[in-house]
Amino acid sequence: MRKNWKKIGTGIVVIMLTMTVGVVFSEPGSNRDPLVSVSYVDKKIEEIKDYIDLKIKSNTENKPVEGSTKDELEIIVLQKGQSLIGGKGTEIILRSGRAVAIGSELGGISDVTSGKDIDTNMDISENHLLIIPRDDGRGVYSKTETFFMVRGNYKIQ
């Protein structure tokens with residue numbers, strides 16, 4: 001009976017030593033046992049926010065855009081022979097003068113008022129809402145001094 005107790009006692013001691021060695025040599029904060037504080041997590045979140053804000057700011061600063069990016073209609077006067085090239089989604093209304101559309105290989109300008117597409121060199125009607133569908137060089141060419149109302153990005157050439 002004593003032999004059994006010695007074997008059981010030896011087994012218990014070996015198990016306890018194994019558990020003690022595991023606890024003593026385990027490293028908190030390692031890949032197997034990550035340990036972080038709330039302040040560390042908050043610091044990393046702030047770093048990520050700053051990085052995202054910097055990327056957004058650099059993307060908006062690097063885009064050279066002439067004209068308005070506001071939601072307001074802007075009055076633009078073009079002299080004979082000038083062109084207004086709109087960006088994607090730019091809205092144009094001819095108030096007075098004569099102008100023709102500048103299209104691209106993919107199509108013309110959307111005349112929302114009449115529900116038609118205006119192809120290159122087609123006359124633009126006064127007081128019709130025109131929308132530039134893509135940023136691919138579409139716009140209007142002025143045959144006389146013209147007055148436009150414009151909302152969105154544009155370049156005058």
**Student:** To the nearest 0.5 Å, what is the distance between OG on S110 and CG on L130?
**Tutor:** 8.5 Å
**Student:** Name all residues meeting the side chain to side chain donor-acceptor pair (under 3.5 Å) criterion together with R98; count only those two or more places apart in sequence or in a different chain, and write none if there are none.
**Tutor:**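 Not a single residue meets the side chain to side chain donor-acceptor pair (under 3.5 Å) criterion with R98.
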**Student:** Heavy atoms only: give me the nearest T113-H128 pair and the separation to one decimal.
**Tutor:**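 Heavy-atom minimum between the residues: OG1-CA, 3.3 Å.
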**Student:** Heavy atoms, side chains only, cut-off 4.5 Å: are E145 and Q79 in contact?
**Tutor:**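 Yes - at least one pair of side-chain heavy atoms lies under 4.5 Å apart.
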**Student:** Are L94 and V140 close enough that some pair of their side-chain heavy atoms sits under 4.5 Å apart?
**Tutor:**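 They are not in side-chain contact.
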**Student:** What is the minimum heavy-atom distance between I118 and D123, and which atoms define it?
**Tutor:**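 Distance-wise, the nearest heavy atoms are CG2-O, 4.3 Å.
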**Student:** To the nearest 0.5 Å, what is the distance between CG (L78) and CD1 (I156)?
**Tutor:** 5.5 Å
**Student:** What's the separation between atom CG in N153 and atom NZ in K88, rounded to the nearest 0.5 Å?
**Tutor:**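 Rounded to the nearest 0.5 Å, the CG-NZ separation comes to 10.0 Å.
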**Student:** Which other residues end up in the same hydrophobic cluster as I102, if Ile, Leu, Val, Met, Phe, Trp and Tyr are linked when side-chain heavy atoms come under 4.5 Å apart?
**Tutor:** I85, V100, Y141
**Student:** Would you indicate whether the side-chain heavy atoms of I76 and Y154 approach each other to under 4.5 Å?
**Tutor:** yes
**Student:** Would a distance-only check, ignoring hydrogens and angles, find a side-chain to backbone donor-acceptor pair under 3.5 Å from D111 to K116?
**Tutor:**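 Between the backbone of K116 and the side chain of D111 there is no qualifying donor-acceptor contact (under 3.5 Å).
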**Student:** Give the cluster check for I132 versus L106: same hydrophobic cluster or not, with ILVMFWY residues linked at side-chain heavy-atom distances below 4.5 Å.
**Tutor:** no
**Student:** Start with the C-alpha distance between M149 and I92, add both sets of side-chain angles, then the distance that settles side-chain contact (heavy atoms from CB on, under 4.5 Å), and finish with yes or no.
**Tutor:** CA-CA 6 Å; M149 294 171 56; I92 303 171; over 6 Å; no
**Student:** What are the two closest heavy atoms between R138 and S104, and how far apart are they?
**Tutor:**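 R138 and S104 have their closest heavy atoms at NE-OG, 3.2 Å.
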**Student:** Grouping I, L, V, M, F, W and Y whenever their side-chain heavy atoms are under 4.5 Å apart, do V38 and Y40 come out in a common cluster?
**Tutor:** no
**Student:** Working to the nearest 0.5 Å, report the span between OG1 of T120 and CD1 of I109.
**Tutor:**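 The CD1 atom of I109 is 8.0 Å from OG1 of T120, to the nearest 0.5 Å.
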**Student:** Roughly how far, to the nearest 0.5 Å, is NZ of K80 from OG1 of T144?
**Tutor:**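 T144 atom OG1 to K80 atom NZ measures 8.5 Å (nearest 0.5 Å).
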**Student:** Applying salt bridge (charged side-chain N to carboxylate O under 4.0 Å, His left out), can you list everything that pairs with E47, at least two apart in sequence or on another chain?
**Tutor:**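 By the salt bridge (charged side-chain N to carboxylate O under 4.0 Å, His left out) rule, E47 matches K44.
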**Student:** Looking at every heavy atom in both T90 and V150, which two are closest together, and how far apart are they?
**Tutor:**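 Looking at all heavy atoms of both residues, the closest pair is CG2-CG1, 3.8 Å.
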**Student:** To the nearest 0.5 Å, how far apart are CG in L54 and CG in D50?
**Tutor:**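 Rounded to the nearest 0.5 Å, the CG-CG separation comes out at 8.5 Å.
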